[in-house]
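Order of the sequence lines fixes the chain letters, A, B, ..., with proteins taken first and strands second; residue numbering starts at 1 for each chain. Basis for what follows: all heavy atoms, side chains included, without hydrogens, waters or symmetry-related copies.
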Number of protein chains: 2
Amino acid sequence: MTRDEIDARLREFESLCRARGLPLTVQRRAILTAVLERGDHPTADQVHAVVKKGIPGLSRTTVYRVLETLVGMGLIRQLHHPGASARYDGKIQRHHHLICTHCHAVIDVENSALDELNLSLTKKHGFEIHDYSVHFMGICAKCRQKSTKRQRD
Amino acid sequence: MTRDEIDARLREFESLCRARGLPLTVQRRAILTAVLERGDHPTADQVHAVVKKGIPGLSRTTVYRVLETLVGMGLIRQLHHPGASARYDGKIQRHHHLICTHCHAVIDVENSALDELNLSLTKKHGFEIHDYSVHFMGICAKCRQKSTKRQRD
DNA sequence: CTCCGTGCAAAAGGTTTGCACTGGT
DNA sequence: ACCAGTGCAAACCTTTTGCACGGAG
């Protein structure tokens with residue numbers, strides 16, 4: 001994510017705060033910036049570790065609370081898959097994920113062919129669909145190398 | 001899932017156990033049966049509650065361990081979405097999920113149009129894809145009714 | 001000045017682990 | 001008989017909550 005995109009998102013965040021009368025704290029701005037700056041999908045704890053460098057007193061609690069707030073504002077997304085703790089994703093436009101079932105890495109996939117699935121087909125359930133994403137489960141390149149070396153049983 | 005299908009899966013389970021020299025315990029059979037019998041996606045705790053009726057001494061620990069074993073054998077799947085605990089899915093053929101962001105319900109979607117996504121498009125990542133599924137996020141019918149009544153703010 | 005946000009500590013789940021015992025093969 | 005599975009209790013890790021203080025609007 002470029003500096004400009006991050007700045008744009010920060011401004012969006014500021015106006016959202018003002019619109020809702022929410023205080024614009026250092027912590028909130030730093031935590032949002034941290035998530036946006038990372039191309040990967042950090043856990044709350046990873047965010048905490050990064051932001052703590054700039055704000056030494058920062059507590060884990062605050063990170064959890066701010067991340068929740070940001071998710072509520074629609075500025076970031078929360079992900080969760082088996083065997084790992086929750087992760088946060090600053091990319092909010094439609095995209096998809098490769099999920100390594102070995103190391104739990106999450107890799108973004110952008111593919112316009114996957115972005116136009118026919119949603120009407122699922123309407124019969126009375127479900128109101130806000131968004132969707134495709135999860136690809138498998139083994140990432142790194143783990144593949146390791147396992148061929150080791151000759152997994 | 002019909003009785004016959006469940007029986008077939010149980011037999012598959014038995015031969016897998018024999019092939020690997022794993023003991024075929026009452027608990028394992030009961031836990032697998034319980035997951036297969038439910039059309040929904042029970043949590044470990046829900047499985048425990050159900051199976052405990054037949055095996056009063058059953059411990060939660062065993063449920064967790066057996067579910068993990070069954071996932072490892074490829075007989076069931078584990079799911080995990082934000083805000084909820086892990087859930088288990090006896091349906092292993094390709095299918096998709098509607099996930100209610102309000103009540104965390106998970107509803108199966110079977111739709112052949114979604115079952116033939118072009119996987120080659122993601123190969124550039126060096127990722128070995130074993131399977132995929134589409135996650136639709138939104139609000140289920142029940143929660144929609146509730147929120148219109150309540151006029152959510 | 002008034003609230004909401006923050007930090008700390010403690011609680012609350014959900015899940016995993018160590019150990020002795022039981023049960024399947 | 002042997003080895004893996006089970007049950008219990010305690011540990012663990014992530015996430016949430018209660019409360020007093022401090023900073024943003």
Grab the [atom1]-[atom2] distance between [X] and [N] for me, whole Å please.
{"X": "B/Q78", "N": "C/dG14", "atom1": "CD", "atom2": "C1'", "value": "12 Å"}
{"X": "B/L70", "N": "D/dG5", "atom1": "CG", "atom2": "P", "value": "12 Å"}
{"X": "B/L67", "N": "C/dT16", "atom1": "CG", "atom2": "P", "value": "10 Å"}
{"X": "B/H81", "N": "C/dG14", "atom1": "NE2", "atom2": "P", "value": "16 Å"}
{"X": "A/F13", "N": "C/dG5", "atom1": "CZ", "atom2": "C1'", "value": "12 Å"}
{"X": "A/Q46", "N": "D/dC13", "atom1": "CD", "atom2": "P", "value": "16 Å"}
{"X": "A/H80", "N": "C/dG13", "atom1": "NE2", "atom2": "C1'", "value": "12 Å"}
{"X": "A/L58", "N": "C/dG5", "atom1": "CG", "atom2": "C1'", "value": "12 Å"}

query = Will you find, in the side chains of A/H95 and A/D115, an N or O donor that is under 3.5 Å from an N or O acceptor?
reply =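 No, no side-chain donor-acceptor contact under 3.5 Å.
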
task = Ignoring hydrogens and angles, answer whether the base of D/dA4 and the side-chain atoms of B/T25 contain a donor-acceptor pair closer than 3.5 Å.
result = no

message = Quiz question: going by heavy-atom distance under 3.5 Å, is there a donor-acceptor pair between the base of D/dG7 and the side chain of B/R65?
response =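 Yes, the side chain and the base share a sub-3.5 Å donor-acceptor pair.
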
ask   = Which one, D/dA4, D/dG25, C/dG7, comes nearest to the side chain of A/S59?
value =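 Nucleotide nearest to A/S59's side chain: C/dG7.
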
Candidate nucleotides D/dG5, C/dC4, C/dT16, ranked by approach to the side chain of A/P23 - the nearest = C/dC4

request  = Quick one: closest heavy-atom pair of A/A34 and A/V51, and the distance?
outcome  = CB-CG2, 3.5 Å

For B/C100 against B/C140, the heavy-atom pair lying closest together =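 Looks like SG-N, 3.4 Å.
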
task = For ring-ring contact (aromatic ring centres under 6.0 Å, His included), just list the numbers for B/H135 and A/H135, CA-CA rounded to whole Å, side-chain angles, deciding distance to a tenth of an Å, and then say yes or no.
result = CA-CA 7 Å; B/H135 292 42; A/H135 292 42; 3.6 Å; yes

Any side-chain N or O of [X] less than 4.0 Å from the OP1 or OP2 oxygen of [N]?
{"X": "B/Q27", "N": "C/dG24", "answer": "no"}
{"X": "A/Y64", "N": "D/dT15", "answer": "yes"}
{"X": "B/T62", "N": "D/dG7", "answer": "yes"}

query = When the nearest nucleotide of DNA chain C is assigned to B/L24 and to B/A86 on a heavy-atom basis, which residue is associated with the more 5' position?
reply =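 Counting from the 5' end, the first nearest nucleotide belongs to B/A86.
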
task = Using heavy atoms to find the nearest nucleotide of DNA chain C for B/S85 and B/L22 separately, return the residue whose nucleotide is more 5′.
result =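 Comparing both residues, the 5'-ward one is B/S85.
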
inquiry  = Between the side chains of B/R87 and B/D40, is the shortest nitrogen-to-carboxylate-oxygen separation below 4.0 Å, so that they form an ion pair?
reply    =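 No salt bridge links B/D40 with B/R87.
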
request  = For B/G57, report the nucleic acid contact type (base, sugar-phosphate, nothing); a contact means any heavy atom under 4.0 Å.
outcome  =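 Sugar-phosphate, backbone atoms only, no base.
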
